[in-house]
Amino acid sequence: MVVHMGKMVYRFWHWFTGKASIRKKLIISFAVLVSIPITILGGYSFHVSNRNLLDQTKKTVDNNLGRLVMEMEAWFGRETDFTKFLAYHLSFRETLEKNPFDNVEIAQVLNKTVEPIFWYFISSDSNIKNIRIVTPYVRDKVGSFLEPSGIYEEEAWYQEHQENFRTKWTVEGDELYATRTVLDTATTSRPIGVMRTEFFLNRMLEPAQSMDYLENGILITDGEGTIIYWKKSPDEDVSGRILAMAERMEGRQAAEEQSLEAKNLGGQSSMELEVPIERDLDGGNDFFENGKDETVPGCILKVGRLESTGWRIYYYVEKKMISDKTNSIIVSTLVAVFGCMLVVLIFISIFSRTLSRRLLSLKEQAEMISGGNLEHPCYTEDTDEIGIVTNSLGRMTERLNDTINQVYKIEIEKKATELKALQAMINPHFLYNTLSSIKWKALKKGEEEISDITGLLAKFYRTTLNNGQPVTTVERELENVRAYIEILQRTKENGFAVEYRVDEDGLGCEMLNFLLQPIVENAIEHGIDYIEEEEEEGLVIIEFCKEGQHLLFSVCNNGPVMDVEMLEDILGKPGKGYGIYNIQQRIAIYYGEGCGLSVKITEEGYTCFTIKIKEKG
């Protein structure tokens, strides 16, 4: 048999090398050369595809768990913050302490401050179902939310929050609660009540309910291992193994906590034992780090933790759901291998022309870029090397075009800002010389008030011009503002007061010239001038201080309060002449990130513009 096979090989080789036509030789050679790498490539593609599918599934499971943890953390974190905010309501706590058992006084405070806030949160937050505060400081129910604690003192949640002051999330049947201790105002260490907020459980668990990938399973347990939510996968055996794994992990967690508590208690004195031990949820002793792999036969399991609630999330996908896709990969690979072997001889010329056309298109795109045409980046849906290079070239073209446009825009804005500042300072140069002459002539004729005003004007323009230099000192900038304000105080019919709060440290530091005066002018024209004479006297407060490597200037006025959105709109849009927007642009160009102009409404109702710049000298 072997001899016969050897003779056949020899005859074939003799025929192939000596008698076969060149066309047959090319066909046979190409078929052999193509079939070998295609077969190897097909097997390798299947192996890589199968491995990539498994890796991609793991990444997808990990990403889905991360997204689920992030979404639920955002929901529960927000509600935890709301609960904490409501529990720390100052006037309500003070009323309970100062007027215990005075239902009338407590009811007045509730109706005036507390209940409107509670109803606002209930009406604006669709997750909140009800809010209840129980306290030993009332004998009967007061309002819609306050109840006496007598009937709840035996409840586990009430007793726990006499010592644990943190917000705790619990599920009781189909009801979800966030419970937090209300503390006294003096020491914030003595409980005066417990606030219990009820939430719609299904709404809070909506991110988990809507998560669906390869019929995944999701198990959520609380800190004691109680099941909060369980979306099972199709295989009951896998679900049972997941539950067993969760119980083992909870047991490891409990054992570690007991060991840590025993170690801490062993080194404490009798006085120290009165202080409860609190574990650092972010520390290295936590078994349940988000995205941690756990091995369970037959599935891919990822474990995450909600820091705001202490709950654990077990996210898993059965491997047999992945194997269904593997079968399709096998079929696709075989079809591709045989299909390639059948059609490669027919379409070799088409492939070569296609390859040449794509390379030619790439070459033309490169020539367009070298010629400066960046408006038409090239992209393709192909994923081979040529497609990657084409898409990379397209992305590079877009980034290069964006960079050029950004630099061009910055330069244009810089030149426009500098031009406006120059135009605002050129004209006063002539006025300064003229005003100096007027001052002395008025002084000679005994017009001292006119002489003083003219002198102040001359001083104002001199500090504004700053000898043509764009940089001045903090002291000279404040001197410019003082001159400007004193002129207005002498000339305006409706007088106003001014208060300077200047930190002497930093007066010698350098800064851009002509930053404060437009802001002061804006405070007077749009704030002080709108105050009625019979209401109150106008007040402008100018503050300066040095904080670390930054200089802070604030200009506040007690004029009518404008809408905050309108004030912020002033900062972001250019107006007529040289104003707030131009100052914002000059600061951004000269000082860069971390510096700028901001606006706020103070607690006293003052409109306050603040400049933050870096110290330059």
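Keep in mind the model is a prediction, meaning the values are calculated, not measured. Positions are given from 1 along the sequence.
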Is it true that [X] and [Y] have a side-chain N and a carboxylate O under 4.0 angstrom from each other?
X: R132; Y: E198; value: no
X: R166; Y: E160; value: no
X: R67; Y: E71; value: yes

For [X] and [Y], which I'm curious about, is there any donor-acceptor pair between the side chains at under 3.5 Å?
X: E521; Y: Q517; value: yes
X: E318; Y: S233; value: yes
X: E79; Y: T197; value: no
X: E73; Y: S308; value: yes
X: N557; Y: Y606; value: no
X: D184; Y: T187; value: yes

With no hydrogens and no angle check, is any side-chain donor or acceptor of [X] less than 3.5 Å from a backbone partner on [Y]?
X: R180; Y: V194; value: no
X: T181; Y: L183; value: no
X: Q584; Y: L597; value: yes
X: D125; Y: F121; value: no
X: R93; Y: Y88; value: yes
X: E477; Y: L515; value: yes
X: N63; Y: K59; value: yes
X: N558; Y: G527; value: no

Any non-hydrogen side-chain atom of [X] less than 4.5 Å from a side-chain atom of [Y]?
X: T170; Y: E172; result: yes
X: I117; Y: F85; result: yes
X: E147; Y: I133; result: no
X: D222; Y: V171; result: no

Tell me if the aromatic rings of [X] and [Y] count as close, with their centers under 6.0 Å from one another.
X: F76; Y: W169; value: yes
X: F145; Y: W119; value: yes
X: Y158; Y: Y152; value: no

Counting heavy atoms not belonging to [X], are there more than 12 under 6.0 Å from its [atom1]?
X: D174; atom1: CG; answer: no
X: E499; atom1: CD; answer: yes
X: F101; atom1: CZ; answer: yes
X: Q549; atom1: CD; answer: no

Taking the six-membered ring of [Y] as reference, does the cationic atom of [X] (NZ for Lys, CZ for Arg) lie under 6.0 Å from its centre and within 45° of its axis?
X: R586; Y: Y590; result: no
X: R196; Y: W157; result: yes
X: R482; Y: Y500; result: yes

**Study point:** Y316 vs N216, side-chain hydrogen bond (donor to acceptor under 3.5 Å, both in side chains): CA-CA, chis, key distance, verdict
**Key:** CA-CA 6 Å; Y316 59 97; N216 60 272; over 6 Å; no

Practice item. Measure the spacing between CD1 of I580 and CD of Q585 and express it to the nearest 0.5 Å. Key: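 If we round to the nearest 0.5 Å, I580:CD1 and Q585:CD are 12.5 Å apart.
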
